[in-house]
Amino acid sequence: MRKDLPVPGDETPRGGAAWPPRHPLTASGHPYGKDTAGPDVAAEVRQGAVVLLAVAVSGVLLGLLWLWLAPRIPLVSDGTSVLLKDSESEGAIGADGVFVLLALAFGAVSAAAVFLFRRQGGVAVVLGLALGGLLGAVIGWGTGTLLGPTHDVVAHAKAVGEGVTFDAPLELHAYGALLAWPVAAMVVHLALTALLTVRDPDPDPEPWGPQV
């Protein structure tokens, strides 16, 4: 008995269904949606840059608050040298502690704002948040020290005179405090993403095989 051979180019054998089967959810018939457009990388990079810039600029506010809230270290001149007025002063440690607390708060607030701005997240946005937090901490440190008491202690002592109390420069002794902002931002953003992001359940898989 002679069997009819399929005509070249004809994907539908006689008496059977088309092969490979076309997936009903994609135009190309690929089960994984190969024809679906990918993410807009350029737009994501732009959003990451906006996040980095906005977070970094807010470091100026961190510096102003640090300058306002940090404890002062009183100094006094005896005419020949500059001395601590209170030898048991813990102002230097207090200044570092205030900076760390403010940086942690700024990290939490910036992470919450970025999460509300873009719930989908994305590598560029998260990277912008981390780098912006680090840059914001550096800007806050610079703002506080620049606008605080002068670092030329000798000239300041001569200007105010002998026996007159004046404030020591505002300094950050523990440079690891600069990491408080980006670390807090990453932890809070990760927690918000894990707790509040609603993910749609996977749809039921389409049956494979010939379509009847």
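If you take CG on L192 and CG on L195, they are separated by 7.0 Å, rounding to the nearest 0.5 Å. The distance from the CG atom of L129 to the CG atom of L134 is 11.5 Å, given to the nearest 0.5 Å.
Annotation for A108 and A184: closest pair N-CB, 4.4 Å, computed over non-hydrogen atoms. Closest approach of V126 to M186, counting heavy atoms only: O-CE, 3.5 Å. In terms of heavy-atom proximity, A168 sits nearest to P149 at O-CG, 3.5 Å.
Judged by distance alone, with hydrogens and angles left aside, the side-chain atoms of E44 form a donor-acceptor pair with the main-chain N or O of V123 at under 3.5 Å.
Residues F117 and V125 have side chains not in contact (no heavy-atom distance under 4.5 Å, counting atoms from C-beta outward). Contact check for H173 versus I93: no side-chain heavy atoms found under the 4.5 Å cut-off.
Applying the side-chain contact (heavy atoms from CB on, under 4.5 Å) criterion to A113, with sequence neighbours excluded, gives no partner residue.
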Can you list, pair by pair, the side-chain donor-acceptor contacts under 3.5 Å of residues 175-183, counting residues two or more places apart and other chains?
unit_1	atom_1	unit_2	atom_2	d
W181	NE1	S110	OG	3.2

What pairs of donor and acceptor atoms, side-chain ones from residues 135-148 against any protein atom, are under 3.5 angstrom apart with sequence neighbours left out?
unit_1	atom_1	unit_2	atom_2	d
T143	OG1	I139	O	2.8
T145	OG1	W141	O	2.9
T145	OG1	G142	O	3.1

Listed pairs under 3.5 Å, donor-acceptor, residues 48-71 side chains, sequence neighbours left out:
unit_1	atom_1	unit_2	atom_2	d
S58	OG	V55	O	2.5
W66	NE1	A95	O	2.9

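Within the hydrophobic cluster formed by Ile, Leu, Val, Met, Phe, Trp and Tyr side chains joined at under 4.5 Å, directly or through other members, L104 is accompanied by V100.
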